[in-house]
Amino acid sequence: MRVLVTGGAGFIGGAVCEQLAARGDEVVVLDSLAAHKDPPEHLPDSVELIVGGLTDEAAVRRAVDGVDAVCHQAARVGLGVDFDDVADYVADNDGGTAHLLRALWRRSFTGRLVVASSMVVYGEGRYRCGAHGLVRAEARRAADLDAGRFEPRCPHCGAELAWAPVPEDAPLDPRNVYAATKVHTEHLSFLYGRESGARVCALRYHNVYGPGMPRDTPYAGVASVFRSAFEAGEAPRVFEDGAQTRDFVHVRDVARANVLALDSAWTGACNVASGEPRTVGEMAEALAAGFPDASTPVVTGEYRL
């Protein structure tokens with residue numbers, strides 16, 4: 001199978017390429033290399049690398065030529081610095097996806113399309129109240145966070161809530177710019193599937209970690225931020241009370257999910273997670289165990305709304 005992996009030089013895309021190449025697939029990578037000084041060494045020698053962004057029409061046209069399947073990983077990731085990032089996120093994620101889909105349409109592509117999405121499309125997640133059952137958490141208020149009340153309360157009775165697993169049919173509730181672009185990426189891709197007959201699925205990643213994580217940027221994940229602090233001999237700063245619950249899933253498992261999705265015929269959205277939630281504080285402690293002279297993580301009470 002000839003597979004195009006957009007963003008294949010990146011963190012997750014690179015892991016997908018490694019697994020596809022290892023089993024003998026013909027892999028084409030389209031990547032702007034904007035996040036890399038040189039072509040990455042981790043890409044297998046058999047991979048065909050096309051350097052170009054998704055707005056480079058000639059590069060995209062060349063990349064989609066003759067492929068049987070597309071694994072769309074290219075995106076601007078993370079929460080960004082503030083709302084001033086909005087135009088860049090929309091241009092890269094919404095616009096980039098639109099350019100890719102137009103190129104596939106012009107090629108009359110009807111093969112398999114696997115799209116990288118994120119758990120952030122669900123907003124605050126899902127919660128359960130002892131009295132009212134499953135409830136939708138309201139947006140967090142700065143006044144509560146300033147007072148150290150980090151967990152959402154039941155909108156009906158004000159009681160503390162317990163987290164619950166989020167199923168794929170949960171309402172989409174994007175609460176930051178990145179989340180909004182991921183929802184739109186899904187919608188555009190599923191629309192392409194309906195119009196073209198291509199089989200489309202979206203994989204909603206939870207908190208991905210592992211070799212090759214982006215580091216030392218405002219867009220890095222918490223595991224990468226903590227590791228950089230430990231390597232610099234500093235104590236990582238754990239926001240809020242450290243009890244925020246996340247599902248951390250290894251990048252090789254995420255790559256395997258992509259390979260399985262490329263081989264399948266199902267359509268729709270699928271969560272990709274470990275199934276074993278941990279707190280951010282536990283993540284910091286686990287990383288500290290890997291550094292013999294590590295400073296103790298500091299719980300700061302800081303927050304991002």
Side-chain angles (χ1 to χ4, degrees), residues 76-86 88-89 118-166 170-183 204-209 214 216-230 234-249 271 273 276-288 295-305:
R76 181 180 290 263
V77 299
L79 295 179
V81 177
D82 54 37
F83 197 80
D84 194 62
D85 285 334
V86 61
D88 293 332
Y89 271 90
S118 170
M119 53 80 187
V120 296
V121 300
Y122 300 118
E124 291 290 344
R126 173 175 269 206
Y127 291 89
R128 183 181 298 278
C129 172
H132 297 96
L134 291 173
V135 297
R136 177 176 175 271
E138 296 180 345
R140 302 200 302 176
R141 300 183 304 171
D144 288 333
L145 301 175
D146 288 336
R149 295 187 292 270
F150 300 115
E151 294 300 324
R153 298 275 178 161
C154 176
H156 306 294
C157 66
E160 291 187 5
L161 299 173
W163 66 267
V166 183
L172 302 185
D173 185 22
R175 296 192 179 184
N176 59 60
V177 171
Y178 172 64
T181 64
K182 280 301 178 181
V183 170
R204 293 172 178 165
Y205 306 152
H206 286 242
N207 290 257
V208 187
Y209 72 96
D216 304 323
T217 80
Y219 309 99
V222 66
S224 181
V225 172
F226 288 170
R227 184 182 69 174
S228 293
F230 283 126
E234 301 170 355
R237 300 174 65 83
V238 180
F239 279 19
E240 302 186 16
D241 57 2
Q244 322 74 304
T245 304
R246 302 288 184 269
D247 189 305
F248 296 99
V249 57
N271 289 327
E276 298 181 7
R278 298 283 189 252
T279 68
V280 173
E282 288 172 333
M283 164 63 83
E285 292 171 0
L287 284 172
S295 300
T296 303
V298 177
V299 179
T300 69
E302 297 172 88
Y303 64 84
R304 289 194 292 188
L305 190 60

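Below, all heavy atoms of this structure are taken into account, side chains as well, without hydrogens, waters or symmetry copies.
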- Query: Do you know which two heavy atoms are closest between Pro236 and Ser295, and how far apart they sit?
  - Reply: CD-O, 4.3 Å
- Query: Leu287 and Ala223: which non-hydrogen atoms are nearest, and at how many Å?
  - Reply: CD1-O, 3.6 Å
- Query: So Tyr209 and Phe248, would you call those rings parallel, tilted or perpendicular, with 30° and 60° as cut-offs?
  - Reply: perpendicular
- Item | Beyond-backbone contact of Pro152 with Trp163, side-chain heavy atoms, under 4.5 angstrom | no
- Item | OG on Ser118 to CG on Asn271, rounded to 0.5 Å | 10.0 Å
- d(Arg76 CZ, Thr181 OG1) to nearest 0.5 Å is 10.0 Å
- Task: Output yes when a side-chain donor or acceptor of Tyr127 lies under 3.5 Å from a complementary backbone atom of Gly133, and no otherwise.
- Result: no
- Take Glu124 and Arg175 through the side-chain contact (heavy atoms from CB on, under 4.5 Å) test and state the conclusion after the steps. CA-CA 8 Å; Glu124 291 290 344; Arg175 296 192 179 184; 2.9 Å; yes
- The reported gap from OG1 in Thr279 to CD in Glu285 (rounded to nearest 0.5 angstrom) is 7.0 Å
- Query: Is a donor on one side and an acceptor on the other found under 3.5 Å between the side chain of Gln244 and the backbone of Gly242?
  - Reply: yes
- Message: If I compare all heavy atoms of Ala235 with all of Val298, which pair ends up nearest, and what's the gap?
- Response: CB-CG2, 3.8 Å
- Message: Ignoring hydrogens, what is the shortest heavy-atom contact between Arg153 and Gly158? Give both atom names and the distance.
- Response: CD-O, 3.1 Å
- Message: I'd like to know whether Phe226 forms a side-chain contact (heavy atoms from CB on, under 4.5 Å) with Val280, so could you lay out the CA-CA distance, the side-chain angles of the two residues, the decisive distance to 0.1 Å, and finally the verdict.
- Response: CA-CA 10 Å; Phe226 288 170; Val280 173; 3.8 Å; yes
- Distance-minimising heavy-atom pair for Phe239 and Glu302: CB-O, 3.3 Å
- Message: Can you list everything that forms a side-chain contact (heavy atoms from CB on, under 4.5 Å) with Arg227? Sequence neighbours excluded, please.
- Response: Met213, Arg215, Glu231, Phe291
- Task: Quick one: closest heavy-atom pair of Pro174 and Leu172, and the distance?
- Result: CD-C, 3.7 Å
- Under 3.5 Å, side chain of Ser228 to main-chain N/O of Val225, donor-acceptor pair present? no
- Message: Donor-acceptor check, side chain of Thr245 to backbone of Pro277, threshold 3.5 angstrom: yes or no?
- Response: no
- Could you go step by step and tell me if Met119 and Val166 meet the side-chain contact (heavy atoms from CB on, under 4.5 Å) rule? CA-CA 9 Å; Met119 53 80 187; Val166 183; over 6 Å; no
Pair up each side-chain donor or acceptor in residues 138-147 with any protein partner under 3.5 Å, not counting sequence neighbours, and list the distances.
| residue | atom | partner | partner atom | Å |
| --- | --- | --- | --- | --- |
| Arg140 | NH1 | Phe150 | O | 3.3 |
| Arg140 | NH1 | Glu240 | OE1 | 3.2 |
| Arg140 | NH1 | Glu240 | OE2 | 3.1 |
| Arg140 | NH2 | Glu240 | OE2 | 2.8 |
| Arg140 | NH2 | Arg304 | O | 3.0 |
| Arg141 | NE | Asp144 | OD2 | 3.1 |
| Arg141 | NH2 | Asp144 | OD1 | 3.3 |
| Arg141 | NH2 | Asp144 | OD2 | 3.2 |
| Asp144 | OD1 | Arg149 | NE | 3.2 |
| Asp144 | OD1 | Arg149 | NH2 | 3.0 |
| Asp146 | OD1 | Tyr303 | OH | 2.7 |

- Task: Test Arg246 against Met283 for side-chain contact (heavy atoms from CB on, under 4.5 Å), laying out the working first.
- Result: CA-CA 9 Å; Arg246 302 288 184 269; Met283 164 63 83; over 6 Å; no
- Reported CG-to-CG distance for the pair Asp82 and Asn176, which is rounded to 0.5 angstrom: 12.5 Å
- Message: Working to the nearest 0.5 angstrom, can you tell me the gap between Leu161 CG and His132 NE2?
- Response: 10.5 Å
- Spacing of CD belonging to Glu160 relative to SG belonging to Cys154, to within rounding of 0.5 Å: 11.5 Å
